[in-house]
Amino acid sequence: MGGTKKRKEQPTSVASMFRTARDLARPSLSQEALNAHDLGSESDNEEDTDRRQEPLTKADLHNMLKEATAEIKAHTAAELERHISGIKEDLEALNTCATQAESDITLLQSTSSQHGQDIYYLSDKIQYLEDSLEDLNNRSRRNNIRIRGLPEAVDADAILPTLRDLFHTILPDSTEQERDIERAHRALRPLALNPTSPRDVIVRMQHFATKEKIMAATRTSPPKYGASTLAFFQDLAPSTLKKRRDLKPLTMALAKKGLKYRWGHPFKLQVHLGDQDHILHHPAEMEDFAAALGLQLFTGTQAADRYSTAHGGNHRAAQLPRNQAKKRPPPRAENTDPTAT
């Protein structure tokens, strides 16, 4: 009975199993594809694992090294080409700029040299024009006499009659026509505060010869007007007077040594020594001129003291120039010996 029961229960359990399997849901297509992909990945991993597990041969390493080297070379060459191309462009631009700069510098040097020559030429011309203008100014004053010491008490209306009487006294043998005065007036400057320093009187004579006779006569015997001693000078351009003041140390040294000198026109100072005439044309030549004559120039203080002593303490007239002129070539020596060749 017990065995019969067991055989009856077995079919029941098998039937229930089939029913359970029929009732289970079937997998979808996406799930199947996913399972298939997982299976393929697992197979690939297995193949990679198998391959990794295989040892690399020397040939494999050599091929891998060749591939890596070729790849590095290609990459390096491309990078170098790119950088070198940029450097070439920069060098070409710099070369163009340098060439242009050299061209500009050459042009500037040529222009500067030409400008230097032009400046030298123009400076020489300006100096020539200034000297010519000074000479013309002095020539226009050739008939003029500058009289110093005539008291201010002689007013403007009395100047002409006073001078006519004075010139008649100086040149008693001359005619009134020869002593004709074209014009006369006081120097155009403010009246001095010191009554003992009257303004100069400038006289223009009608005849140059008469003017020269008056100047020659007054050098040896200065005339007087009352208690005042009159000094007669050639009327000169202000620039010429300044040059003569600048040469005061030289003229003092010449006087101390007993050497005679004379002024010339255009401006120059001539000294005759031995058989040569030494000529100075500009105050800037003074030191070389003095050295050529063996003279020792007075310093500023010595010249002022010596001149002040000679002129009664008038330090104002003894002032020396502060600014020296531009250096010029040394003075020329002219040979006046007629036998010299």
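- Expressed to the nearest 0.5 Å, how far CZ of Phe289 lies from CG of Leu269 amounts to 5.5 Å.
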Might you work through the side-chain hydrogen bond (donor to acceptor under 3.5 Å, both in side chains) test for Lys211 and Gln206, ending with a clear yes or no?
-> CA-CA 8 Å; Lys211 172 253 178 183; Gln206 187 69 36; over 6 Å; no
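- Side-chain atoms of Arg139 and His265 include no donor-acceptor pair closer than 3.5 Å.
- In this structure, the side chain of Thr106 engages the main chain of Glu102 through a donor-acceptor pair within 3.5 Å.
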Check step by step if side chain to side chain contact (heavy atoms under 4.5 Å, CB included) holds for Arg141 and Leu236.
-> CA-CA 7 Å; Arg141 301 167 183 254; Leu236 297 171; 5.5 Å; no
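- Here the closest heavy-atom approach between residue Ala253 and residue Gln296 is recorded as CB-O, 3.7 Å.
- In terms of heavy atoms, Arg199 sits closest to Pro190 at CD-O, 3.9 Å.
- With values rounded to the nearest 0.5 angstrom, Lys256 atom NZ is found 11.0 Å from Leu297 atom CG.
- Contact of the Ser113 side chain with the Gln117 side chain is registered, since non-hydrogen atoms from C-beta on lie closer than 4.5 Å.
- Between the side chain of Gln276 and the backbone N or O of His272 there is no donor-acceptor pair closer than 3.5 Å.
- At least one donor-acceptor pair closer than 3.5 Å links the side chain of Thr169 to the backbone N or O of Asp165.
- Annotation: the span from Tyr225 atom OH to Leu166 atom CG amounts to 9.5 Å, rounded to 0.5 Å.
- Note that CD1 of Ile159 is 7.0 Å distant from CG of Leu150, once rounded to the nearest 0.5 Å.
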Residue pair Asn143, Arg204: steps toward the side-chain hydrogen bond (donor to acceptor under 3.5 Å, both in side chains) verdict = CA-CA 5 Å; Asn143 288 15; Arg204 182 171 181 82; 5.3 Å; no
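- Listed here is the closest heavy atom pair of Thr162 and Ala158: OG1-O, 2.6 Å.
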Verify side chain to side chain contact (heavy atoms under 4.5 Å, CB included) between Thr240 and Glu134, making sure each step is shown before the conclusion.
-> CA-CA 7 Å; Thr240 303; Glu134 180 182 342; 2.5 Å; yes
side-chain hydrogen bond (donor to acceptor under 3.5 Å, both in side chains) between Asn63 and Glu67: does it pass, once the steps are laid out?
-> CA-CA 6 Å; Asn63 292 333; Glu67 292 176 1; over 6 Å; no
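- Between Pro198 and Arg186, the closest side-chain pair of non-hydrogen atoms falls below 4.5 Å.
- For Glu176 and Arg179, the salt-bridge test fails: no basic side-chain N is under 4.0 Å from an acidic carboxylate O.
- Contact annotation: the side chain of Leu254 approaches that of Leu293 to within less than 4.5 Å [non-hydrogen atoms, C-beta and beyond].
- Neither side chain, Asp135 nor Ser132, offers a donor N or O lying under 3.5 Å from an acceptor on the other.
- Counting all heavy atoms, side chain and backbone alike, Glu285 lies closest to His281 at OE1-N, 3.1 Å.
- Heavy-atom minimum distance, Ser228 versus Pro151: OG-CG, 3.7 Å.
- Inter-residue side-chain proximity for Arg148 and Arg146 is flagged as met; some heavy-atom pair is nearer than 4.5 Å.
- Residues His62 and Lys66 are in side-chain contact: their nearest non-hydrogen atoms beyond the backbone lie under 4.5 Å apart.
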Determine, step by step, whether Asn138 and Arg142 satisfy the side-chain hydrogen bond (donor to acceptor under 3.5 Å, both in side chains) criterion, reporting the C-alpha distance in whole Å, the side-chain angles of both residues, the deciding distance to 0.1 Å, and the verdict.
-> CA-CA 6 Å; Asn138 286 323; Arg142 292 180 68 208; over 6 Å; no
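- The 12-atom threshold is exceeded at NZ of Lys257, counting heavy atoms of other residues, nucleotides or ligands nearer than 6.0 Å.
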Verify side chain to side chain contact (heavy atoms under 4.5 Å, CB included) between Thr57 and Asp60, making sure each step is shown before the conclusion.
-> CA-CA 5 Å; Thr57 64; Asp60 295 336; 3.0 Å; yes
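- Side-chain contact between Val271 and Asp277 is absent, with no heavy atoms from C-beta onward closer than 4.5 Å.
- Across every non-hydrogen atom of His207 and Glu178, the tightest pair is CD2-O, 3.6 Å.
- Of the possible polar contacts, one joining the Thr96 side chain to the Glu92 backbone as a donor-acceptor pair under 3.5 Å is found.
- Heavy-atom contacts from other residues, nucleotides or ligands closer than 6.0 Å to OH of Tyr120 number 12 or fewer.
- For the pair Leu163/Ile181, a side-chain contact is recorded, criterion being any heavy-atom separation below 4.5 Å from C-beta on.
- Ser140 places a side-chain N or O within donor-acceptor distance of the main-chain N or O of Asn137, the cut-off being under 3.5 Å.
- Although no hydrogens or angles enter the test, the distance criterion places a donor-acceptor pair under 3.5 Å between the side chain of Thr218 and the main chain of Met215.
- Enclosure of atom CD in Glu79 by more than 12 non-hydrogen atoms of other residues, nucleotides or ligands within 6.0 angstrom is indicated.
- Here OG1 of Thr210 is found 5.5 Å from CE of Met205. Values are rounded to the nearest 0.5 Å.
- Checked by atom type and distance alone, the side chain of Thr251 pairs as donor or acceptor with a backbone atom of Lys248 at under 3.5 Å.
- By the neighbour-count criterion of 12 heavy atoms within 6.0 Å, atom CZ of Arg189 is densely surrounded, having more than that number from other residues, nucleotides or ligands.
- At least one side-chain heavy atom of Pro223 sits under 4.5 Å from a side-chain heavy atom of Phe232.
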So Leu273 and His278, side chain to side chain contact (heavy atoms under 4.5 Å, CB included) or not? Walk me through it.
-> CA-CA 7 Å; Leu273 182 63; His278 296 265; 4.1 Å; yes
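- Judged by distance alone, with hydrogens and angles left aside, the side-chain atoms of Ser112 form no donor-acceptor pair with the main-chain N or O of Leu108 at under 3.5 Å.
- Note that CG of Leu171 and CZ of Phe167 are 8.5 Å apart. Values are rounded to the nearest 0.5 Å.
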